[in-house]
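Beneath this line is the structure, given in structure tokens, with notes to follow.
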Amino acid sequence: MNEEKLWFLADLNPKQRAVCTSDKNTILIACPGSGKTRTLTYRLAFLSIMYTESNNLNIAITYTNRASEEIRNRLLSFNIDLTKIWAGTIHQFCLEFIIRPYSMYSKRISRGYRIIDEFVQKRYVREICEQLQIRLGYNENPFAYPEIVKEYKRRLKENKEIDFDIILDLSFELLNNNAFIRHNLSNILRSIHVDEYQDTNDLQYKILGLIARENNRIRYFFIGDVNQAIYGGIGGIAKSKTELDEICGANFEVEQLDGCYRSSQRVIDFYSKFQVASSVISSESNLKDELGIITHNKIIDKDDIPEKIATIVKEQLALGVPENEICIIAPQWTLLYPISKSLRELLPNVGFDAPDVTPIKYDPMNVFYLICKLKFSVAGKNTSMRKRTANEIITILTEDYKIHLPNYVDCYFILKCINSAEVCDEDGIETLKNTVDILCSSCAIDLNQEDYLKKTYTDFIDKVNQRIANYSLSADMNAFKRCFQEKSGVVINSYHGVKGEEYTTVIAFGLLNGLIPNWDLIYNKNNKEKRITETQKLLYVVCSRSKKNLYLFSEQGRTTRKGDVLTPTDELISSYSMFDLD
Ligand SMILES: Nc1ncnc2c1ncn2[C@@H]1O[C@H](COP(=O)(O)OP(=O)(O)OP(=O)(O)O)[C@@H](O)[C@H]1O
């Protein structure tokens, strides 16, 4: 009877279908474009259809919010009921399934806590450096100083604050110290899928292992590609079968997918030169025999980059390539913001899905960010997102800040309050303040009695003001609305941000020693091997996003702060001696 509902399995090749419907703990390792994400997404759909009677959840842990959003959208397009599927990052998983429901069992957070963001973290580091009289060098990592770490941790503890690392530490502690939490949690799960598992760190594996060992009926699915392990610097590691067997107390099958459905053979042959674990990849794409364009320009001046890229974009559009099939990539946000601005000026009729410097920064775990999202996006559109966001606001207030809300407060009430707040066209901050005032008074929240919430509010307003001042931004309602407008068009993103994505034409610039690889890897002369492999993996990720065309730039004229000239990335130059570039 389910067969009709499983129509989508026909879109998989036999190997993908076997993996998708398998009931074994599986490690799926395969090359870019081989359909790992497709197999994972279809597996979630398969499980939710096969086990309609059960309430147990199927979990997908992704590296980014963008990836989990894409999985959810794909499933919705199949009309899959999402109630038994959960997709999000490991931090969201820990927060939702461990920290929030069990915070009363941790002395540190039992009376409430607030999650701090990068803005507050940077402020603390600045204050601590002043206090300890430490002068940090340019780009130096403050957390390499044990005395800074000690004082930072002390402050957070004293203020009942947690950061992203502490979310993981506390989750591990709660699970490790409390058998009943492991028991309760593992009994509501059917399966856990970890996408891009090569980027998982030791503590994250341990958390997953504690859950797995408690209940061997949960099926685990680790999906990844060792050649794309670009987070080694922050502890990401692809564990072997033996290690995963040990961590999860289970027996894993190792499976592989063959062929690449994304890229032409020419693109594959080019990026294969950056493999650290070699394998032969053959194209299964309908673009298989396309030659496309693969080029590396080392003579262009940095000031000519915007015009040159604008010309390529125009040519591609004229050839019929859709806007969202073109992607421009750079290694740093400091390069991405100016190129976005220049391209918008040079190509006023082209749409861009590009990073903008806006008054409000993306921060979905901050309750005031969520209030802004509802106030500054269009009411009446995307009702399910609005209801979800309003519910999330209630959850954060009650479970993180431990605020007792009156019984009448539900998502509709929150939406009504936010919609009714007075708008001040010239001043987004004033509008936000009106919204927070009405929300607090209607929900019986006295901000003066709620220290943590008030601190988060003050920090949020400070951060917005600082961004407006630092980047000379407009502060009117339109500027605030732009933060939440959906963008579409030519994609502009970072080298790390494009992981998992695919485009007909990829244009990458900033391929320079000092950026790719970064200075940390260059200075570390003892570890030449690491420098080479880390750089190769980044180049592999970037180039394997392309279906057909690849324009690479190592522009001239970029220098260090001292004025030393940045030269083209060595690993890129050495790789194409055997390859005929255009
Ligand atoms: N069996 C198939 N038939 C046709 N197209 C497929 C098949 N499997 C995957 N694809 C298509 O190939 C492309 C790449 O798939 P997917 O993104 O799942 O690969 P991936 O292995 O996750 O890649 P990456 O490692 O780069 O993230 C997508 O456009 C997908 O729809």
Side-chain angles (χ1 to χ4, degrees), residues 55-63 68 86-117 121 149-150 152-194 197 199-220 222 234-235 239 244 246-250 364-367 392 394-404 452-453 456:
N55 284 328
N56 284 3
L57 291 171
N58 296 297
I59 304 285
I61 293 180
T62 58
Y63 204 80
S68 50
W86 184 95
T89 63
I90 183 89
H91 293 94
Q92 285 162 342
F93 174 79
C94 287
L95 199 61
E96 202 165 319
F97 290 95
I98 307 170
I99 300 272
R100 280 184 182 147
Y102 300 109
S103 60
M104 68 276 247
Y105 300 101
S106 162
K107 207 168 144 210
R108 176 168 181 162
I109 52 173
S110 58
R111 293 178 165 205
Y113 54 90
R114 70 177 196 129
I115 301 168
I116 63 159
D117 64 6
Q121 192 177 56
V149 175
K150 194 169 160 207
Y152 171 77
K153 287 195 167 166
R154 192 199 62 74
R155 266 186 191 219
L156 258 51
K157 203 164 184 179
E158 186 180 281
N159 296 341
K160 292 211 161 33
E161 291 165 337
I162 58 177
D163 64 10
F164 273 43
D165 287 343
I166 296 172
I167 289 179
L168 297 181
D169 288 341
L170 288 177
S171 300
F172 176 76
E173 238 174 74
L174 279 165
L175 285 177
N176 199 34
N177 298 344
N178 300 284
F180 76 95
I181 300 181
R182 296 197 296 275
H183 177 79
N184 290 355
L185 176 55
S186 67
N187 275 319
I188 60 165
L189 306 178
R190 165 167 308 284
S191 62
I192 297 189
H193 305 77
V194 183
Y197 95 97
D199 300 327
T200 308
N201 71 27
D202 268 326
L203 184 57
Q204 295 165 359
Y205 281 116
K206 280 189 189 160
I207 291 170
L208 296 171
L210 283 173
I211 303 168
R213 284 181 162 273
E214 189 65 30
N215 180 350
N216 62 14
R217 287 193 309 277
I218 303 174
R219 286 292 165 264
Y220 270 75
F222 287 95
I234 51 169
K239 298 275 186 194
L244 283 177
E246 168 63 25
I247 291 168
C248 296
M365 288 191 189
N366 188 313
V367 68
E392 181 67 10
I394 296 174
T395 305
I396 297 181
L397 291 174
T398 52
E399 297 192 23
D400 296 357
Y401 291 93
K402 309 278 184 242
I403 293 174
H404 186 75
Y452 307 139
L453 189 64
T456 306

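We count residues from 1, following the sequence as given.
Between L168 and I207, the shortest heavy-atom contact is O-CD1, 3.6 Å. Closest approach of M104 and P101 over heavy atoms only: SD-O, 3.6 Å. Considering every non-hydrogen atom in both I98 and L175, the closest pair reads CD1-CD1, 3.8 Å. Closest of all the heavy-atom pairs between I181 and L174 is CD1-O, 3.7 Å. Annotation for S68 and T62: closest pair CB-OG1, 3.4 Å, computed over non-hydrogen atoms.
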Open item on the list: Assess the residue pair E161 and Y452 against the criterion (side chain to side chain donor-acceptor pair (under 3.5 Å)); give the C-alpha distance rounded to whole Å, side-chain angles, the decisive distance to 0.1 Å, and a yes or no.
Closed with: CA-CA 9 Å; E161 291 165 337; Y452 307 139; over 6 Å; no
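Looking only at distances, a side-chain donor or acceptor of R213 sits under 3.5 Å from a matching main-chain atom of I247. Remark: side-chain polar atoms of E214 are not paired, donor with acceptor, to backbone N or O of I211 under 3.5 angstrom. Listed for the R182 side chain is no donor-acceptor partner under 3.5 Å among the backbone atoms of N177. Looking at K402, its side chain does come within 3.5 Å of a backbone N or O of E399 through a donor-acceptor pair. A distance-only check finds no donor-acceptor pair linking the side chain of R111 to the backbone of R108 [under 3.5 Å].
In this structure, F222 and Y205 have tilted ring planes: the angle between them lies in the 30° to 60° band. Between W86 and F97, the ring-plane angle classifies as perpendicular under the 30° and 60° cut-offs.
Put simply, the side chain of I90 does not reach to within 4.5 Å of the side chain of V194, judged on heavy atoms. The side-chain heavy atoms of L95 and R100, taken from C-beta on, include a pair separated by under 4.5 Å. Contact check for L156 versus Q121: no side-chain heavy atoms found under the 4.5 Å cut-off. Taking 4.5 Å as the limit, every side-chain heavy atom of L189 sits out of range of all side-chain heavy atoms of N56. The shortest side-chain heavy-atom distance between I59 and F93 falls under the 4.5 Å cut-off.
Residues forming a salt bridge (Lys or Arg N to Asp or Glu O under 4.0 Å) with K239 (at least two apart in sequence, or on another chain): D202.
Rounding to the nearest 0.5 angstrom, the gap separating the CG atom in L208 from the CG atom in L203 is 9.5 Å. Annotation: the span from I115 atom CD1 to H91 atom NE2 amounts to 10.0 Å, rounded to 0.5 Å. Note that the NZ atom of K206 and the OG atom of S171 stand 14.0 Å from one another [nearest 0.5 Å]. Rounding to the nearest 0.5 Å places OG1 of T200 at 8.0 Å from CD1 of I61. Here I188 contributes atom CD1 and N215 contributes atom CG; the two are 11.0 Å apart, rounded to the nearest 0.5 Å. Note: N366 CG to I116 CD1 = 11.5 Å, rounded to the nearest 0.5 Å.
Between R114 and D400 there is no salt bridge, since none of the side-chain N atoms of the basic residue sits less than 4.0 Å from a carboxylate O of the acidic one.
Within 6.0 Å of the CZ atom in R154, the count of heavy atoms belonging to other residues, nucleotides or ligands exceeds 12.
Aromatic ring centres of Y220 and Y197: separated by at least 6.0 Å.
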